[in-house]
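Counting begins at 1 with the first residue of the sequence.
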Amino acid sequence: MELIQQGAEARLYRSTFCGKPAFIKERFSKQYRHPSLDKILTHRRTNQEVRSLLRCRKAGIACPAVLFIDYEKYRIYLEEIVGAEPLRDVFGRLGNGPEAQRMGRLIGSTLAMMHDADIIHGDLTTSNMLLRPANEMQSGCENEQLFLIDFGLSSVSTVAEDKGVDLYVLERAFLSSHPSTEVVFDGVLASYRTNSKNAKAVIDKLDEVRMRGRKRSMLG
C-alpha cells in the first residue's frame, strides 16, 4: 500500500483489490478519546460513509464503488476512478470562462440530485469532486462525468437548513480556492434551482446561513 494522504480522521492509501486499482480509506483511533467511545464513533462514521456512498449510487450520482469493508481495521476499499482529475485543478486552468461556467452548472445539477436523495456531504469542496473526461470513460458514455468523493462527514437529512449549510460550505471553499469566480458559483446555484425539487426552501436557508455568517464576521 502507498500512503497518499493523511487527514484529521483517516489515512488514504493507493492499492489494489482483486487485481483492480483501488483506494483504501483507513480511520485511525484518537488517543484523546476513551477506547470504548472511540471504537463506537469510528464504527459509526465508517458505517455512515458507506451508507452515503451506496445511497448516492442508488440515486444515480457518480461516486466510487465500495469494494470491501474491513471493520477490524476500519478500512473501506474503494474503486479508483481511473483517468479522473480533481475539479480543483480543472478550475485552476479554466478560471471563470465559459467552460468553467459549464462545470459550475454540472456541479449544481449533481448536488441537486444528492440533496433530493437527502444526502448531506458535509465537506463540499472542489478537492472532493473528480472530473473524468469522456475519452477516459467506458464505451457508451459520451459526456464527462463528475464524481463526488470523501463522504467521511456525511449524513442523511430531510432538513432544508442542513442542505443550505452544505451549499454554504461549498460557497466559502469555492470562492476561497478560486478567486474571482463568483459568476461560476452563480451558475452552480442557478443549476441547483433548476434541478432540485426543493430548491426554494434550500436556497432560502442558504441566504439565512449567509446572513448569520456576515453577522459573526462583523462581531469578530
With distance as the sole criterion, is a donor-acceptor pair present between the side chains of [X] and [Y] under 3.5 Å?
X    : Y    : answer
Y32  : D38  : no
R27  : T42  : no
S157 : D162 : yes

To the nearest 0.5 Å, how far apart are [atom1] in [X] and [atom2] in [Y]?
X    : Y   : atom1 : atom2 : value
Q6   : F28 : CD    : CZ    : 4.5 Å
M114 : S52 : CE    : OG    : 9.0 Å
L131 : I81 : CG    : CD1   : 12.0 Å
R75  : R11 : CZ    : CZ    : 9.5 Å
F23  : L67 : CZ    : CG    : 11.5 Å
S155 : E49 : OG    : CD    : 12.5 Å

Taking all non-hydrogen atoms of both residues into account, name the closest pair between [X] and [Y] and its distance.
X    : Y    : value
I24  : S15  : CD1-CB, 3.7 Å
D116 : N195 : OD2-O, 3.8 Å
C63  : F147 : N-CD2, 3.6 Å
S191 : G108 : OG-C, 3.7 Å
L146 : I107 : CD2-CA, 3.8 Å

Would you mind checking if [Y] and [X] are paired as a salt bridge, meaning a charged N to carboxylate O distance below 4.0 Å?
X    : Y    : result
E144 : R132 : no
R212 : E161 : yes
K20  : E79  : no
R93  : D89  : no
R210 : D207 : yes

Decide yes or no for [X] and [Y]: does some side-chain heavy atom of the first lie under 4.5 Å from some side-chain heavy atom of the second?
X    : Y    : result
T16  : P21  : no
L87  : L130 : no
Y71  : N47  : yes
D118 : R55  : yes
T126 : M103 : no
I61  : T110 : yes
I120 : K163 : yes
R193 : I203 : yes

*Specify whether F91 and H178 have parallel, tilted or perpendicular ring planes, treating 30° as the upper limit for parallel and 60° as the lower limit for perpendicular.*
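Geometry flag for H178 against F91: tilted rings.
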*How are the rings of F68 and Y77 set to each other: parallel, tilted or perpendicular (split at 30° and 60°)?*
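If you compare the ring of F68 with that of Y77, the planes turn out perpendicular.
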*Is the count of non-hydrogen atoms from other residues, nucleotides or ligands lying under 6.0 Å from K39 atom NZ greater than 12?*
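Open.
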If Ile, Leu, Val, Met, Phe, Trp and Tyr residues are connected whenever their side-chain heavy atoms lie under 4.5 Å apart, and connections chain through other members, are [X] and [Y] in the same group?
X    : Y    : result
L175 : V90  : yes
L54  : V156 : no
Y192 : V183 : yes
I149 : M113 : no
V188 : V169 : yes

*Check the pair F174, T125 against side-chain contact (heavy atoms from CB on, under 4.5 Å), reporting the backbone distance first and the verdict last.*
CA-CA 6 Å; F174 195 98; T125 70; over 6 Å; no
Would a distance-only check, ignoring hydrogens and angles, find a side-chain to backbone donor-acceptor pair under 3.5 Å from [X] to [Y]?
X    : Y    : answer
R45  : S154 : yes
D166 : H121 : yes
S176 : A173 : no
T46  : Y74  : no
N128 : L148 : no
Q101 : N96  : yes

*Going through the distances and angles, do L124 and L111 end up as a side-chain contact (heavy atoms from CB on, under 4.5 Å)?*
CA-CA 10 Å; L124 285 173; L111 298 185; 4.0 Å; yes
*Check the pair K25, D150 against side-chain contact (heavy atoms from CB on, under 4.5 Å), reporting the backbone distance first and the verdict last.*
CA-CA 9 Å; K25 183 171 183 178; D150 197 355; 2.8 Å; yes
*Tell me, with the steps shown, if E26 and K73 meet salt bridge (charged side-chain N to carboxylate O under 4.0 Å, His left out).*
CA-CA 7 Å; E26 179 185 64; K73 296 181 178 179; over 6 Å; no
*Before giving the answer on side-chain contact (heavy atoms from CB on, under 4.5 Å), spell out for R44 and L41 the whole-Å C-alpha distance, their side-chain angles and the decisive distance to 0.1 Å.*
CA-CA 5 Å; R44 183 180 299 165; L41 293 177; 4.0 Å; yes
_Candidate pair N198 and H115, rule side chain to side chain donor-acceptor pair (under 3.5 Å), full reasoning_ = CA-CA 9 Å; N198 298 312; H115 283 168; over 6 Å; no
